[in-house]
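Take a look at the structure set out below.
Counting begins at 1 with the first residue of the sequence. Computed from a predicted structure; not experimentally measured. Every heavy atom of this structure was used, including side-chain atoms; hydrogens, water molecules and symmetry mates were not.
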Amino acid sequence: MKYVWLLIMIILLGITTNCSKIDNYYHIKKFLGKSFVFPDSLTIKNQGEMTCNPLLKNARYRIINYLDTTQCVPCESNFHKWHLFKYKLDSLKLNTEIIFVIWHKDYSEVELAQKANKCDIPCVYDSNNRIGELNNISLDFRYHTFLLDSLNKILLIGDPIRNKAIQDLYLRRISS
C-alpha cells in the first residue's frame, strides 16, 4: 500500500512540474515513512497571539506547511486558501490539524497577513530554521507540505492548496 501512495505522488508531481521523474522520486522517497521532528522548545502563535501547542492535540492527521525566508511569506503563504481548506476539513469532521512552520525574519508581517486573511491556523515560529535542519527540508517549495499521521510519520508530500490533484489525494488518505 505504501508503494501505491508513493507511485501516485510521483505521478502527480511529475504531471505538474517540469522536473524529471527521478528528481521527484528522490524527494518523495527521502521523506515517506520518516518521522517529522520538532525541537523541544517551540514558539506557537495564531494571528500574533500565543496559543496552545497543536502537536499536543489528539489529531488523527497533521498537515505541516513549511514557509521559509526566501519567499515573501505574506505573499506566498496563501493564508486565505489554507483557511478555506481548514474549513473544509473541519466541516467533514476529519480530525486533522493544519500547522504552519515559518522561518522568517519579521513575524509581524506574517501576523498581519494572517489577521487580514482571517486565517485561524497556528504558526510555529522557527527563527533559526531548526525544524528545516532537523528534517532536511528541500529548498524546492513543492516539497514543503507534509501529511503526517498521529505519530508524526510522513504519509504524503505536496501542496494541496497549489495542486488540486494533491488536495484530492490528501482528502482520500485522510478520509480512508
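Atom CD of Glu111 sits about 5.0 Å away from atom NZ of Lys45, to the nearest 0.5 Å. With rounding to the nearest 0.5 angstrom, the OG atom of Ser176 is 9.0 Å from the CD1 atom of Ile174. Taking SG of Cys119 as the start and NE2 of His80 as the end, the distance is 10.0 Å to the nearest 0.5 Å. A distance of 5.0 Å separates CD1 of Ile98 from CG of Leu89, quoted to the nearest 0.5 Å. Considering CG of Asn95 and CZ of Arg62, their distance stands at 9.5 Å, rounded to 0.5 Å. With values rounded to the nearest 0.5 angstrom, Arg162 atom CZ is found 13.5 Å from Gln167 atom CD.
Side chain of Asn117 to main chain of Phe79: no donor-acceptor pair is present (N/O by atom type, distance under 3.5 Å, no hydrogens or angles). Side-chain N or O atoms of Glu97 include none that pairs as donor or acceptor with a backbone N or O of Tyr61 at under 3.5 Å. With hydrogens and angles ignored, the 3.5 Å screen pairs no side-chain donor or acceptor of Tyr107 with any backbone N or O of Gly48. Looking at Tyr170, its side chain never comes within 3.5 Å of a backbone N or O of Ala165 through a donor-acceptor pair. At least one donor-acceptor pair under 3.5 Å links the side chain of Thr96 to the backbone N or O of Leu94. In this structure, Ser138 contributes its side chain and Asp140 its backbone to a donor-acceptor pair below 3.5 Å. Between the His83 side chain and the Lys118 main chain, a donor and an acceptor come within less than 3.5 Å of each other. When atom types are taken as modelled, the side chain of Asp126 and the backbone of Arg130 share a donor-acceptor pair closer than 3.5 angstrom.
When side chains are defined from C-beta on, His144 does not count as touching Val101, because their heavy atoms never get closer than 4.5 Å. A heavy-atom distance below 4.5 Å is found between the side chains of Leu134 and Pro39. Contact check for Phe85 versus Leu171: side-chain heavy atoms found under the 4.5 Å cut-off. A heavy-atom distance below 4.5 Å is found between the side chains of Ile131 and Leu42. When side chains are defined from C-beta on, Val124 does not count as touching Thr43, because their heavy atoms never get closer than 4.5 Å. Side-chain contact between Asn46 and Ile121 is absent, with no heavy-atom pair separated by less than 4.5 Å.
Among all heavy-atom pairs drawn from Glu133 and Asn128, the shortest one is OE2-O, 4.0 Å. Nearest approach of Ala59 to Ser150, heavy atoms of both residues: O-CB, 3.5 Å. Leu67 and Ser77 get closest at one heavy-atom pair: CD1-CB, 3.9 Å. The two residues Gln114 and Cys123 come nearest to each other via the heavy atoms NE2-SG, 3.5 Å. Among all heavy-atom pairs drawn from Asp159 and Ile161, the shortest one is OD1-N, 2.8 Å. The shortest heavy-atom contact between Pro122 and Thr51 is CB-CG2, 4.2 Å.
Side-chain atoms of Thr145 and Asn65 include a donor-acceptor pair closer than 3.5 Å.
Separation of the Trp103 and Tyr125 ring centroids does not fall under the 6.0 Å cut-off. Ring-centre distance between Phe36 and Phe31: not below the 6.0 Å cut-off.
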Stepwise side chain to side chain contact (heavy atoms under 4.5 Å, CB included) check, Ile64 with Phe38: CA-CA 11 Å; Ile64 305 297; Phe38 293 92; 3.7 Å; yes

Audit row: Phe141, Tyr66, ring-ring contact (aromatic ring centres under 6.0 Å, His included) steps and yes/no: CA-CA 8 Å; Phe141 74 90; Tyr66 175 82; over 10 Å; no

Residues Lys164, Asp168; criterion salt bridge (charged side-chain N to carboxylate O under 4.0 Å, His left out); working and verdict: CA-CA 6 Å; Lys164 177 74 169 114; Asp168 292 342; 2.9 Å; yes

Leu148/Leu155 under side chain to side chain contact (heavy atoms under 4.5 Å, CB included): CA gap, chis, key distance, verdict: CA-CA 6 Å; Leu148 312 179; Leu155 303 174; over 6 Å; no

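By the rule that hydrophobic residues join a cluster once side-chain heavy atoms approach within less than 4.5 Å of another member, Leu147 and Leu84 end up as members of separate clusters.
A salt bridge links Lys86 with Asp90: the closest approach of a Lys/Arg side-chain nitrogen to an acidic carboxylate oxygen falls below 4.0 angstrom.
Heavy atoms of other residues, nucleotides or ligands lying less than 6.0 angstrom from NZ of Lys81 number 12 at most.
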